[in-house]
Protein chains: 2
Amino acid sequence: MDNRISDILRRNRLSVTESRQKILNLFLSNTGALAHADIEHKAGERFDRVTVYRTLQAFVEKGILHTIPTADNSIKYALCKNDCFEGHHHDNHIHFVCSKCGKTECLDDFIIPAVKLPKNYIANNIEIVVNGVCNNCRKN
Amino acid sequence: MDNRISDILRRNRLSVTESRQKILNLFLSNTGALAHADIEHKAGERFDRVTVYRTLQAFVEKGILHTIPTADNSIKYALCKNDCFEGHHHDNHIHFVCSKCGKTECLDDFIIPAVKLPKNYIANNIEIVVNGVCNNCRKN
DNA sequence: AATTATCTTGCAACATAGTTGCAAAATAAT
DNA sequence: ATTATTTTGCAACTATGTTGCAAGATAATT
């Protein structure tokens, strides 16, 4: 398996195991976010449910993945870019869900706009999920 | 029970039943959003789980309530203002979750800002959930 | 107001999602 | 190579959500 993958695991002080390598690989070789179920029944693979839960949890804690809330109440996971360490996430980007192909992607270069709040309200974190049609599906 | 409540139900072509009246009353006499669990184990009441699910579903379909996605993967429900009919929702407002008191509220007068998207992407719906501290908790 | 038709409730049974404890296996440290 | 630590996978469990159906409640009809 790819060297880059074990490097990421080691850098985050996680033992390099087969499941972790395979699951991390799914994210690296995939655009878009994945849900727990996507991973559990991935073509050609069969991961134990519990292992998937624990692996995703560990990856989120370490800042390798971040979660994306969706309207239909299913959590999706996506790779964090560079600077999330030890659970201090800085994923201030917009998430886009295409209603045609169903893919969820991180729009990393599209910054969260300023949001007006009532007096004395303090914002710590702003989640934006845009639902629509992506470039690819628009053309077809 | 309040006349206003049976009026709302009748206006939406729903039979006026005890559970529906009581559950709708919870929303009318409560600021903030409620989750399924909040309703099921409401002080002094015990609603059947299935009834709560079906009631919430019916209310959302009719446009009496709308759902709010949350980061922790639990759906919350809140009253729609006036103009949602027959499932055509127009709740283009920001949702605010206070990390101190845990309350979720609809900021009805705070409009969703324009969001920049990549070329050829089309936005149909934009969900914004702001996490922070509300006015009330800030003062205490 | 009584009867009939329609809708809603609540139970049972089931399906899916997520968690915990623990012994065996794998990885890391010595 | 041996020991210590971590991770895995199974079983058992809790929580969450769904469906079918008979009994009960509400609405419509006469």
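Quick note: numbers below take in every heavy atom, side chains included, and nothing from hydrogens, waters or symmetry partners. Predicted model only: the values in this text are computed from it and were never measured. Reminder, nothing fancy here: chain letters follow the sequence lines and each chain counts from 1.
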Fill in the blank from the handout: In this structure, SG of Cys106(B) is separated from CD1 of Ile68(B) (nearest 0.5 Å) by 4.5 Å

Problem - Close side-chain approach of Leu65(B) to Thr67(B), heavy-atom, < 4.5 Å - result: no

Practice task
Could you check whether the rings of His93(A) and His66(A) sit parallel, tilted or perpendicular, using 30° and 60° as the cut-offs?
Solution key: perpendicular

Practice task
Find the distance Leu9(B):CG to dC7(C):C1' and express it as a whole number of Å.
Solution key: 14 Å

Fill in the blank from the handout: Atom CZ of Arg20(A) and atom P of dA25(C) are separated, to the nearest Å, by 19 Å

Fill in the blank from the handout: note: Arg46(B), atom CZ; dT9(C), atom P; distance rounded to Å ~ 18 Å

All N/O contacts under 3.5 Å from nucleotides 16-18 of chain D to the protein, with atom names and distances to one decimal?
from    : atom 1 : to       : atom 2 : distance (Å)
dG17(D) : OP2    : Tyr53(B) : OH     : 2.9
dG17(D) : O5'    : Tyr53(B) : OH     : 3.4
dG17(D) : N7     : Arg49(B) : NH1    : 3.0
dG17(D) : N7     : Arg49(B) : NH2    : 3.0
dG17(D) : O6     : Arg49(B) : NH2    : 2.9

Practice task
Ignoring hydrogens and angles, tell me if any N or O in the side chain of Asp48(A) forms a donor-acceptor pair with the backbone of Val50(A) under 3.5 Å.
Solution key: yes

Problem - Under 4.0 Å protein heavy-atom contact, by nucleotide of nucleotides 21-30 of chain D - B base, S sugar-phosphate only - result: -----SS---

Problem - Rounded interatomic separation in angstrom, taking CZ from Phe47(B) and P from dT8(C) - result: 16 Å

Exercise for the section: Figure out the OH/P separation between Tyr77(A) and dA17(C), and round it to whole Å. Expected result: 13 Å

Exercise for the section: Report the distance from atom CZ of Arg11(B) to atom CD1 of Ile64(B), rounding to the nearest 0.5 Å. Expected result: 8.5 Å

Handout entry: Gap between atoms CZ and P, on Arg13(A) and dA28(C) respectively (whole Å)
Key = 15 Å

Practice task
May I ask you to test the Glu105(B)-Thr31(B) pair for a side-chain heavy-atom distance under 4.5 Å?
Solution key: no

Practice task
State yes or no: are the ring centers of Phe59(A) and Tyr77(A) separated by less than 6.0 Å?
Solution key: no

Practice task
Nearest whole angstrom, please: distance from the P of dA17(C) to the CG of Asp48(A).
Solution key: 15 Å

Practice task
Check whether any side-chain heavy atom of Leu56(B) sits under 4.5 Å from a side-chain heavy atom of Phe27(B), and report yes or no.
Solution key: yes

Handout entry: pair Arg20(B)-Ser15(B): side-chain heavy atoms closer than 4.5 Å
Key = yes

Fill in the blank from the handout: When rounded to whole Å, the CD to P distance for the pair Glu61(B) and dT8(C) reads 11 Å

